[in-house]
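Here the structure comes first, spelled out in structure tokens, and everything after it is commentary.
Just the heavy atoms: all of them, side chains too, but no hydrogens, waters or symmetry mates, feed the values below. Quick note on labels: first sequence line is chain A, next is B, and so on, each numbered from 1.
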Amino acid sequence: MAETTSHQDPVAGPHKGLSPVARALRPWLTFKALLGGLILFSFIMSALLAPYLAPFDPNKQDLMRAMIAPQWLAGPHVFGTDHVGRDLLSRLIYGARISLSIAASVVVISGAVGIFLGIVSGYFGGRIDFLIQKVVEMVWAFPPLLIAIAILAFLGQGLGNLILALTLQRWIPYSRVVRAEAMTLKEREFVMAARSIGASHLRILARHLLPNLIQSALVIGTFAMAAAIIAEAALSFLGLGVPPQIPTWGSMLADGRAYVSTSWWMSLFPGLAIFATVLAINLLGDALRDNLDPKLKRKL
Amino acid sequence: MVTYLVRRLLGTLPVLLMVSLFVFLLLHAAPGDPADILIPDQATAQDVAEARQRWGLDQPVMVQYWRFLSSASMLDFGRSFKYDEPVMSLILERFPATMELALLATMLALALGIPLGIFAASRPNSWFDNASSIGGFFGVSMPNFWMAIMLILVLSGYFKILPSGGRATFGLADDPITGFLLLDSVLQGNWDALNDAAKFLVLPAFVLSVNMTGLLMRMTRSSMLEVLGEDYIMTARAKGLSERVVVWKHALRNARIIVITVVGLEFGALISGSIIVESVFSWPGIGQLLLQGITARDYPLITGLVLVYTTMFIIVNLIVDFLYAAVDPRIRLNG
């Protein structure tokens with residue numbers, strides 16, 4: 001019975017007397033959202049401000065200073081150095097740039113493709129829908145990550161191929177949810193009304209359907225971001241991601257693997273960065289889903 | 001039921017066809033002439049001519065695809081450059097290791113995830129429930145390759161309880177019968193080998209099982225909570241059945257569907273995960289073979305493995321669908 005309170009009109013409910021801004025913010029002031037937001041915000045800021053924050057050049061090698069243990073606040077190398085003497089903290093900060101921007105590009109591109117194909121598939125139905133669903137079926141027949149590994153194996157490494165490889169399967173969750181919603185939305189009165197006054201398909205799609213789908217897509221996008229970060233790190237860890245001279249968290253972890261028994265810090269910190277970022281995004285995604293789209297809870 | 005099965009089985013054929021077309025196109029999209037790609041770098045002019053002949057590279061593309069398809073459907077993927085052996089025999093040799101790992105990981109996930117989920121659901125909002133929900137969050141956010149390295153660091157490096165990689169101590173096991181080391185050593189009554197194989201297996205299998213365990217736990221919990229609110233549970237309680245019988249017998253029947261769903265959903269992730277886990281633990285399965293093939297640009301090997309992995313995935317999805325139909329009559333009737 002505890003659920004009844006959440007169904008009450010928010011104005012008449014427990015938040016009565018709060019200003020509209022406070023009322024709008026209220027659902028976001030949960031532990032999950034705050035913790036996730038704080039962690040993610042600090043990683044994004046360090047990625048943006050990397051040249052100002054990083055104490056050293058992330059690629060500057062100095063074999064005389066190789067494998068220094070973390071000095072914490074007692075020395076210049078807070079998290080220590082790697083096997084060729086590069087400062088670990090600086091590489092982590094610059095790594096955030098690459099890891100976060102690859103993940104963000106993957107999410108944006110796959111989101112755009114998935115929403116477009118999903119909305120077209122659901123709205124028009126018929127032969128277009130059949131064709132798109134066949135493509136979905138084929139791409140979905142590959143185990144996740146294997147399709148990315150295959151593409152990178154055949155086409156070679158590189159930033160562009162990496163983003164292509166990660167995008168190729170990730171548009172599908174968007175397209176599925178968007179297609180299902182578009183199919184129900186197109187039968188609703190407001191869409192019929194728009195059609196009856198002569199609105200074009202494009203206008204109906206862009207002005208009437210899209211705004212109603214964007215929230216679900218946003219929730220999927222958040223979880224997709226977390227998955228993309230892990231996938232990028234996994235591929236870089238396997239040596240299939242970006243070229244070795246570019247620091248990413250995954251490739252740092254791969255570097256550390258050979259030295260795990262002597263220099264544990266080389267493996268601990270990059271992994272911790274991946275874990276913390278993914279955890280933060282998952283926490284935010286959960287909060288986002290609870291607030292925007294409780295229906296999705298069962299689908300995801 | 002039979003019509004459903006047959007229709008579902010036939011439905012996978014076009015998918016397999018499209019998958020093979022995709023891999024064929026990838027092979028052609030790879031930089032350089034396919035003839036250079038399909039034969040090793042040190043090949044002579046005669047080798048190149050033979051390869052052109054073998055792969056029919058002077059023929060139109062559609063003919064080439066047809067040749068590719070017909071040899072692939074006979075499980076003939078050519079010879080590996082790196083090992084100079086037929087690709088299929090290399091794959092078959094390594095396949096049991098991967099299956100052993102994947103099966104044990106699945107069993108571990110079932111043995112841990114379901115009881116934990118039921119336990120959490122039978123005491124909602126207790127400390128255990130909250131702890132397991134936080135644990136679930138950590139589980140889905142944890143990159144398994146990092147967890148593997150950290151466990152090796154602690155358990156093999158620091159405490160020295162478990163080996164850090166490989167599959168068995170050399171020379172301990174007898175000649176393979178099935179290729180599944182645990183099973184082989186039981187069949188041969190070689191208990192030292194069993195103990196040894198188990199020690200090598202436990203860490204990789206645990207790492208591989210973590211994601212599935214988390215998902216199973218969460219889904220078992222939420223569906224148990226739903227079921228425990230149903231009328232028939234109230235009836236069972238009103239009859240005076242003990243709480244244990246209600247939870248473990250009546251409500252758990254519904255867990256069958258969750259098990260099938262989660263195992264089906266997560267199997268693909270398990271396959272991809274096994275490639276990484278095999279790499280970290282130097283596990284001699286097909287995942288490691290794939291990575292070695294990629295490093296050596298051994299295209300016949302990569303092609304064969306991608307097709308084998310994908311077929312495996314499609315078959316598991318097919319089995320999952322059949323199990324659904326067997327367990328839930330509604331699917332059978334509507335399908």
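Heavy atoms closer than 4.5 Å to chain B are found in both the backbone and the side chain of A:Phe275. Contacts of B:Ile149 with chain A are made by both backbone and side-chain atoms, with heavy-atom separations under 4.5 Å. With a threshold of 4.5 angstrom between heavy atoms, B:Met150 approaches chain A through side-chain atoms but not through N, CA, C or O. Of the two parts of A:Ala226, neither the backbone nor the side chain holds a non-hydrogen atom closer than 4.5 Å to a non-hydrogen atom of chain B. With a threshold of 4.5 angstrom between heavy atoms, B:Phe22 approaches chain A through side-chain atoms but not through N, CA, C or O. When heavy atoms are compared at a cutoff of 4.5 Å, B:Val280 approaches chain A by way of both its backbone and its side chain. B:Leu290 touches chain A through its side chain: at least one heavy atom from C-beta onward sits under 4.5 Å away, while N, CA, C and O do not.
Comparing A:Gly250, A:Ala233, A:Ala227 by how many heavy-atom pairs each has under 4.5 Å with chain B, the most go to A:Ala233. With chain A as the partner, the residue from B:Phe313, B:Trp146, B:Tyr158 showing the most heavy-atom pairs under 4.5 Å is B:Trp146. Most heavy-atom pairs under 4.5 Å with chain B, from the set A:Val139, A:Leu238, A:Leu240: that is A:Leu238. No other option in B:Leu26, B:Leu17, B:Val15, B:Ile271 has as many heavy-atom pairs under 4.5 Å with chain A as B:Leu26. Between chain B and the options A:Leu279, A:Leu152, A:Ile147, A:Leu145, the largest number of non-hydrogen pairs under 4.5 Å is found for A:Leu279. Of the listed residues (A:Ala148, A:Ala234, A:Gly156), the greatest number of heavy-atom pairs within a distance under 4.5 Å of chain B belongs to A:Ala234. Highest contact tally toward chain A, considering only B:Ile294, B:Thr12, B:Ile314, B:Leu21, is held by B:Ile294 [criterion: heavy-atom pairs under 4.5 Å].
Atoms CD1 and CD1, on A:Ile149 and B:Ile302 in that order, are 10.5 Å from each other to the nearest 0.5 Å.
B:Met18 and A:Lys134 get closest at one heavy-atom pair: CE-O, 3.6 Å. Here the closest non-hydrogen pair linking B:Gly268 and A:Pro143 is O-CB, 4.0 Å.
The aromatic ring centres of B:Tyr309 and A:Phe142 sit 6.0 Å or more apart.
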Q. Given B:Asn317 and A:Trp140, is the side-chain contact (heavy atoms from CB on, under 4.5 Å) satisfied, shown in steps?
A. CA-CA 11 Å; B:Asn317 282 335; A:Trp140 215 229; over 6 Å; no
**Q.** Intermediate values then yes/no, side-chain contact (heavy atoms from CB on, under 4.5 Å), B:Leu153 and A:Ser267
**A.** CA-CA 9 Å; B:Leu153 180 66; A:Ser267 300; over 6 Å; no
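With B:Ser141 as the partner, the side-chain contact (heavy atoms from CB on, under 4.5 Å) test is satisfied by one option alone out of A:Ile230, A:Asn282, A:Ile274: A:Asn282.
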